[in-house]
Structures are given as structure tokens and as C-alpha cells.
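The structure appears below as C-alpha cells.
All ligand and atom numbering here is 1-based and tracks the order in the structure.
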Amino acid sequence: MTDNITPAQAVAAPAARDPNRVLIFDTTLRDGEQSPGATMTHEEKLEIAALLDEMGVDIIEAGFPIASEGDFRAVSEIARRSKNAVICGLARASFGDIDRAWEAVKQAPRPRIHTFIGTSPLHRDITALNMDEMAQRIHETVTHARNLCDNVQWSPMDATRTERDYLCRVVEIAIKAGASTINIPDTVGYTAPRESAEIIEMLLERVPGADQVIFATHCHNDLGMATANALAAVEAGARQIECTINGLGERAGNTALEEVVMALKVRHDIMPFTTGIDTRRIMQASRLVAAVSGFPVQFNKAIVGKNAFAHESGIHQDGMLKNAETFEIMRPEDIGLASTNLVMGKHSGRAALRAKLRDLGYEVADNQLGDIFVRFKALADRKKEVYDDDLIALMQESTTAAHNEIVQLKSLKVVCGTTAPQTADMTLDIDGKSAETHATGDGPVDATFNAIKALVPHELRLQLYQVHAVTEGTDAQATVSVRLEKDGRIFTGQSADTDTVVASAKAYVTALNRYLGYERAGRPGVDITSAAS
Ligand code: KIV
Ligand code: ZN
């Protein structure tokens, strides 16, 4: 973290900036949330934005205000609450979109409008604009945005598949119309590191006024090169990286914040750039985003995966004991990972629980601690030893369950065994009213899901049902993930319990609550491909 540069200086015009300072633009709440099934609630978005702001993200893309009432409300509230970060709202190349984005971000101490249009031949076809018409549209919309806000970012969507001469032409138009950040999206994850660098070099060399703006790199990970492409762009002169926590995002995702930030930190010797990120908050951010998005982090994910710092083989363990640097290029503490795995149990008190949670990266308010402590005790009663992973599962569940309570599981009794059919007796609280049923099924989980469907009839299709043991042993908690689908829209739920069937029921209910919340909000959504609507 660079102590001598304030965030305001970092985002300032190039002449006033440290030339090696790279801005981190986080789009977890916009591009990340666009990932099918990653829909977040209002409160969850506020919680993520607050953490991003605290950890030193320079620009938070808080959402796409025209997309829905919910998006607008979230961006406005994030703007109002923001402290240091610039708050950015996305808008297509239309006055209506831009006005709506401005309405949402204008209450931020430091607002930004981000407007974009697809410039590649494929996108020009979709929008039915020829090169000249599109150029005119860019001039008009960036000018309009600039008349509202003095911080405007412009993106030629699918830039890496846009003819180079045309790319130079439209970037020049956007700069002349007043954009101070030019973002170069690799929308479909098509580019490779050398090409990513060449595009930035070309723009800096050929476009008049290029030295007066900040170039950003926005990469998708379809070929697994998003991190490499972003770093190559920085080496070529880009000074803003657009990324998401855990690499969340459509298809294979976006550049992962934790990867680019840690790469710049660990390999400062060959990439002498700095960011303003407090890297010790990375694990906390990763866990929060995994919990609210319902997208678990793969075990071998760089930086934040469960195995990223695990050393199983004898040779590695021996080396680690003698000198950690033999097999570790960064310390777990650098990303906020507690280096101990002290076991908690039923005799552990509130103070110990709070300290342990702090070690794990969770700051718990007094009013939350009571509820978490009760659940911790219930878990410790069933399980002799409570490990870090058990507490993380418990915290992830309280993060996702707290805001979605249209339906709540009150009780469940399942009969299973060699004699079919298996049965489930269930009581749910639905909108404050208690309802109960008896259902049968092909196995205890099937009977449980049938009971939920009988009590809350719906047409969602179960697309994924996955069970993971959180720790080892027969008393281990199981984390269950459920993915439900309707009309191509996905709703996910996750839950942990020492009883796998109870965890399954709770995960299903969480996904169902997300669907019900979406229905009640009037099915928000907008098609981002029609970028010039
Ligand atoms: O990937 C992309 O092109 C985008 C734009 C809207 C910037 O996300
Ligand atoms: Zn994108």
C-alpha cells in the first residue's frame, strides 16, 4: 500500500499522478453480478461496497442504474455511503441511460459515469450503426455525460476485435468529447498478453491526447489469460485495472483482483507498480463475495483457494518447516489468512470467538455476536472440535441468510433407510405464517425437496446439487450448494450443517428466497448487448 498518495491524487489527471500507481477499478457489483446466478441483495451489495472502499479500491463500479429499480437504489445508496472510492455507474450509449447513471452516482463525493458502446464489426451490426454513425453517437453521448459529470469513463466494448484504425478514431473522439479514462475491454476473453500490450502501446502512440487520459484494461478469462493480459497492458502503459473479487463474472469471469494486486506486490522487482489495496483484507473480501454470490472458490484458485497455502507433500512440508520461503512466495498473513488453526470448542467464550473471527477476517458488531455465538454453541454441542473452516461456513451462512427471509425452515424430520419411500415432515415459516407437510421421495433429500415444493409451489428446476465436507471426520459439517433455474435465470443457495439433509433443505430455501425476492422486485434486468438502445 502506498502511504504517501491519497486516493484523490491517485485518480487525478496524469500530470498530477505517480506514474507507477495503478488504479484498481472493482466491478464485482456490476460485471460480477451479471454472472448467471450471482444476483446479490441490496444489503449484500452495500456490505461488499463498504469493504471494497475500506480496503483501498480506487473506483467501485456499483451497478448499472438503468437496469432496474433495485440496481438504481443500490448504486445511489453506495454513492451516498462512499468514503474514499470513486463511485461509478454504467450506462449504454444513450442519453436516458447516462441521465439515470448520473442520478444514481451524483451523491457520491467522487462520482463517475462509465458509458460504453460495442465498436467491433459484430456489435456495429447489432446496433445497425455504420462507422460514421457510431462515431457521431460516441461524440454525442460522451459530451452529454461530460456535461453532467467531470469524471467520465468511456469503453469501446469488444475493443480487441475492433479494427485498429477505427479503434484509434473512436478513442480520439471520446477523448476530445471529454472522457478522462479510456477503458479497453477484451469482452470475450479473446486477446493474448502480447496483443493486449500492443493495443495499449498503439493507442498511446497514435491517438492525439492519449497522454492526457488514463487507459484501463478490462479482461475476461475465457482463455484463462485475463490476469496475464491485464498485467501486460499495465506494462505497456495502462494505469487502471478492471477486475472482480475471486474473478467473478460472466462465463469464465473477469480478471481477479487478488491475482493482479498480489502479482504486482510479489513481483515488484520486475513490475515496479503500486496499488492502494490493503492486501490483508483480500481473504475477507473473497469469503464475503463467495458467500453472497453463491459461487464457491475452487480449491486450487490462485491466492484465495483453500489449497493456495497448503503443503501436503513430505518434501514441501519439510522445506516449509526449515524456511517458509522455500515453497511460499508470499506469506498467508499478507492476504489476511490466519496462520494458525486453533481449535475452538464448547468451552470457548464470546471473547475467544470474537478474536478468532477477527483472525479469520470477520469484524463482528456487538449486535451480531450474540446470534453467532448461539449458533457456534449449537455447533460445538454437536461437534467436538470446531475448526476455522467450520466458523467460515457458519459466517458465510449468516451473511447470506440474514437478508432473505421470506421462507424459513422451522423444523424437519426425515425417515430414511433401506425401506422406501423415505419421508420428510417439515414446517416452514412463509411470510410469517407457519405451514407444515408430510412428503415422500426417492431418498431423504428428494423427500425434503418435495416437502418444500408442496409448501411453496414453484416451477424452478433443480440444476445443481452439490455436497462438500467442510472438515474431516464423521461429525464434519457438510456444505450444500443448490442451484435452481427458471427461464434461463439462476438462483443459488448454500448452507452448512452437521446434518447433510438439514443443510440441503436450508440451501434450497436460500435459493428459493432469492427467486422470490427477484419475483417481488418485478424481475429486474436489461440486455447489455443492445449497447446503443
Ligand atoms: O466486457 C465488457 O466489454 C464490459 C463493458 C460493459 C465495459 O463489461
Ligand atoms: Zn466485462
Original post:
Does D31 put an N, O or S atom under 2.8 Å from the Zn ion (ligand 2)?
Top reply: yes
**OP:** Any atoms of ligand 1 less than 4.0 Å from a non-hydrogen atom of P185? List them with their elements.
**Re:** 2 (C), 3 (O)
**OP:** Mark up the atoms of ligand 1 that fall under 4.0 Å of a heavy atom belonging to M157, in ascending order.
**Re:** 3 (O)
Original post:
What pair of heavy atoms forms the shortest contact from A159 to R164, and how long is it?
Top reply: O-NH1, 4.1 Å
Original post:
In terms of the angle between their ring planes, are F25 and H114 parallel, tilted or perpendicular, with boundaries placed at 30° and 60°?
Top reply: perpendicular
Original post:
Polar-atom distance check: H220 versus ligand 1, any N or O pair below 3.5 Å?
Top reply: yes
**OP:** For ligand 1, note which part of E242 has a heavy atom under 4.0 Å away: side chain, backbone, both or neither.
**Re:** neither
**OP:** Would you check if the side chain of R124 reaches a backbone N or O of T119 as a donor-acceptor pair within less than 3.5 Å?
**Re:** yes
**OP:** Output yes when a side-chain donor or acceptor of D53 lies under 3.5 Å from a complementary backbone atom of N84, and no otherwise.
**Re:** yes
Original post:
Is R30 in polar range of ligand 1, meaning some N or O pair under 3.5 Å apart?
Top reply: yes
**OP:** Answer whether the closest heavy-atom distance between the side chains of C243 and T27 falls below 4.5 Å.
**Re:** no
Original post:
With a 4.5 Å limit on heavy-atom distance, are the side chains of I303 and M330 in contact?
Top reply: yes
**OP:** State the atoms of ligand 1, each with its element, that fall below the 4.0 Å cut-off from a heavy-atom position in D31.
**Re:** 8 (O)
Subject >> Geometry at the Zn ion (ligand 2) - H220 NE2 versus H218 NE2 angle, rounded to 10 degrees >> reply: 100°
Original post:
Would you call the rings of F491 and Y515 parallel, tilted or perpendicular, where under 30° means parallel and over 60° means perpendicular?
Top reply: perpendicular
**OP:** Examine H218 against ligand 1 and note whether any of their N/O atoms are separated by less than 3.5 Å.
**Re:** yes
